[in-house]
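Structure first, then comments.
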Amino acid sequence: MTATLFSPNTLLLDKHADYIAAYGSKKDDYEYTLSEYLRMSGIYWGLTVMDLMGQLSRMNREEIIEFIKSCQHDCGGISASTGHDPHLLYTLRLAILYTELIILCGTFLPVLYISIQVDPFHTLFGVAGLSLLGDEQIKPVNPVFCMPEDVLQRIGLQPDLLN
Amino acid sequence: MHGRVKIKSTAQQEEEKRKEKEKKLKAFVSARDAVLKKRSAGEHDEEALQLTRQLLSSNPDFATLWNYRREVLLHLETLREKDEVQKLYESELHFIEACLKVNPKSYGCWHHRTWVNTRLPQPDWTRELGLCDRCLSLDERNFHCWDYRRVVVKASGVSVEQELQFTDRLIGSNFSNYSSWHYRSTLLPQLHPQPAPDSAPNTSPSPTTSPQFHSHRVCEEQLLKEYELSHNAFFTDPNDQSAWFYYRWLLGRGVCVCVCLELLCICEDTSAHPMLCVCVCVYVCVCVCVCVCVAEREEMISCVYVSREGERVSVAFSKPVHAQSEGLMLVLDGQPQQVEWRSTHPRLRHSPVWLCDLPPGSISDMSNEHNLTIHWTEKHTHRDCALYTGCAESWCRDSATNLELFRSELSVEKSSVLQAELQSCNQLLELEPQNKWCLLTIILLMRALDPLGHEKETLAHFQTLKEVDPMRSTYYSDLCSKFLIENTILKMEYAEVRVFSLSNKNLTTLCHLDQLLFVTHINLSSNQLLRLPPHFAMLQCLEVLEADDNAIENLEGLYHLPKLEEVSLRNNQICKLSDLESLASCTKLTRLDLRGNPVHRTAHIESELSQLLPRVTALSL
């Protein structure tokens with residue numbers, strides 16, 4: 001993205017909030033449907049940003065909770081969308097959401113589903129997820145930054161609410 | 001799936017596009033629903049393959065479909081002859097390649113391809129290697145492809161020499177190829193290993209060192225050749241980071257890729273190479289790499305401190321631990337004691353320093369001598385500390401000098417080699433005086449060679465770094481602060497005093513506070529500190545704190561410091577009464593100087609403070 005003479009130089013918070021609030025309502029939108037395979041990540045990105053902008057109340061809580069519940073699998077894993085397979089990445093997304101934003105009604109299985117992908121990304125997701133679910137042996141992780149609390153402490157970093 | 005850019009077009013074109021998309025959407029939705037229905041019904045047939053193929057061809061990141069496809073293929077395997085299975089999976093490989101053209105960085109595709117090769121009766125590793133070559137020629141930094149290549153090399157038994165030559169070719173054609181340098185760093189120790197050094201006779205072999213750590217060493221002869229190769233690269237293009245990272249790794253003998261963290265922080269290009277980002281993430285989030293780095297340094301109890309008056313034992317470990325999970329045992333005069341370990345601050349769940357209280361009366365009598373042992377059963381190590389008659393306190397520690405605590409990873413290399421490398425870098429600096437990579441490498445080399453002797457030059461280089469790379473000036477300030485603190489700790493040891501003094505040195509951050517367990521006086525005045533963080537609570541012996549003329553607004557770390565009597569915080573940024581709350585836990589505090597802080601404007605501040613801190617008799621506002 002290159003800045004031009006006509007690019008805005010202030011953060012258009014209202015417009016951003018409007019966009020996200022309206023995003024999930026266009027169920028027959030092409031890109032919306034095709035991005036179903038990462039829906040849970042989309043929810044995570046949307047909700048955290050709305051929270052940072054202080055506009056979380058505009059999101060449809062019941063609908064989102066129902067959707068997330070429908071993505072829970074018996075093994076403890078969470079899928080990207082209804083009918084998809086559970087995956088470590090989306091399980092972490094949910095662990096973060098659970099901690100920060102949503103009180104889920106009903107049962108939540110605190111079992112970490114292990115995926116077959118062995119690489120640093122997935123290792124990170126697994127360990128961070130375990131930490132968020134309260135594993136005593138792992139350092140506390142900040143859900144907003146997905147970094148250990150003691151590191152954020154050391155560098156004096158705290159999330160600022162945008163308004 | 002980022003926001004769509006609006007392109008102006010006629011109403012008719014818009015309408016046509018809309019209809020087109022609607023059609024595509026309908027086709028996608030009906031195929032998707034059909035697939036999910038089939039899967040729920042447990043159908044594993046050709047139709048399933050067709051439907052998933054249709055969807056995956058344009059949507060290769062739809063992971064669930066690859067999962068389903070594998071289920072179908074596994075089922076079909078049971079119904080087919082071996083040569084049919086071979087054909088089945090070969091055609092699968094063609095399909096995957098087509099999907100890779102859509103998204104060469106699709107996790108799903110690469111993972112599926114890896115899986116297919118485990119099912120193929122006769123995998124063709126030459127073809128797979130060829131695919132890697134082609135993918136890498138299109139994108140040298142496709143980390144999926146590099147990972148896949150490693151899998152192929154391992155499975156097919158391609159020789160390390162061959163792979164090393166591969167990196168020769170890539171680097172030769174383009175020095176700016178971090179992935180190739182990185183791959184080279186993993187190959188070299190296999191091909192030219194350094195024999196593991198003999199352990200010192202009286203140290204027990206650390207259970208954490210495995211053959212893998214020793215195998216990161218490279219023999220000297222080869223290293224010198226690699227130095228030359230690196231010189232060629234960074235003399236040719238001093239601004240390309242890849243060669244500098246590799247060089248830094250060489251100097252450190254490849255302890256771990258993340259020892260390059262210093263270089264990483266000044267790297268502009270992390271987005272181009274997710275592996276680097278991930279390395280940072282892994283380092284930061286999991287501290288696995290920290291453990292790897294520190295594993296080269298023996299895991300041990302660094303210091304045990306005992307105070308009669310407090311009837312308290314303080315223990316410092318060589319790395320942050322969670323005391324309750326480490327199997328710690330305290331033995332006093334031959335008797336194991338039931339003790340509760342606590343951290344110095346509630347925010348520090350993992351900490352290098354832990355405290356416990358001894359049973360009342362057990363060591364309070366000055367006429368008795370006591371012997372204390374702390375056993376760290378998880379690491380099969382222990383430390384003794386004797387408390388002599390007439391002594392109010394005692395401690396036992398290894399000096400930072402002896403431990404070579406701050407010598408940095410580079411110092412495992414011979415000093416003659418480091419000296420030669422320093423000369424080379426200085427030569428380059430004459431030609432390129434503003435090159436940040438060169439400056440930072442020189443600083444790290446000087447610290448490895450002689451941290452105290454090179455202190456003045458180091459500070460000058462940091463000044464230059466802040467000027468040529470102002471966007472990272474905070475990073476340089478923090479790093480410089482760290483080095484100054486290290487030097488002060490060394491000087492303190494040489495002088496055998498318990499006073500830590502580092503004033504007027506542009507300090508922006510505090511670190512190594514676990515090394516200051518036995519310090520009684522600390523002077524941090526005239527710096528740029530913003531806070532005394534929770535880690536400050538590790539200064540269990542602190543009696544006097546001078547931190548005037550900073551910008552301190554947070555005093556969290558002044559928490560339950562049992563010996564703290566005097567605090568001077570003139571001209572800081574303490575604004576509210578609540579900023580001073582933790583001081584109430586320092587029960588020996590009697591003198592407090594808060595002149596020049598915004599807090600003096602708070603209504604009734606004097607009476608509020610005398611309520612909060614009743615024991616403070618000398619208060620200056």
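Order of the sequence lines sets the chain letters (A, B, ...), proteins ahead of strands, with each chain counted from 1. Just so it is clear, the model here is predicted, and its values are computed rather than measured.
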>> The test is side-chain contact (heavy atoms from CB on, under 4.5 Å); show your working for B:R32 and A:T33 and say whether it passes.
In response: CA-CA 10 Å; B:R32 177 201 67 192; A:T33 311; 3.8 Å; yes
> Side chain, backbone, both or neither: which part of B:E556 has a heavy atom under 4.5 Å from chain A?
Replying inline: side chain
> Can you tell me how far the CG atom of B:L36 sits from the OG atom of A:S81, to the nearest 0.5 Å?
Replying inline: 9.0 Å
> Which value, rounded to the nearest 0.5 Å, describes the distance between A:L34 atom CG and B:K24 atom NZ?
Replying inline: 8.5 Å
Show every donor-acceptor pair shorter than 3.5 Å between a side-chain atom in residues 10-17 of chain A and any protein atom, with sequence neighbours excluded, or say none if there are none.
none

> Partners of B:Y559 by side-chain hydrogen bond (donor to acceptor under 3.5 Å, both in side chains), sequence neighbours excluded?
Replying inline: none
> Between A:Y37 and B:D61, which heavy-atom pair has the shortest distance, and what is it?
Replying inline: CD1-O, 3.1 Å
>> Can you give me the closest heavy-atom contact between B:F62 and A:E36, atom names plus distance?
In response: CZ-OE2, 3.9 Å
> Below 4.5 Å, heavy atoms only, C-beta onward: do A:D29 and B:K21 meet side chain to side chain?
Replying inline: no
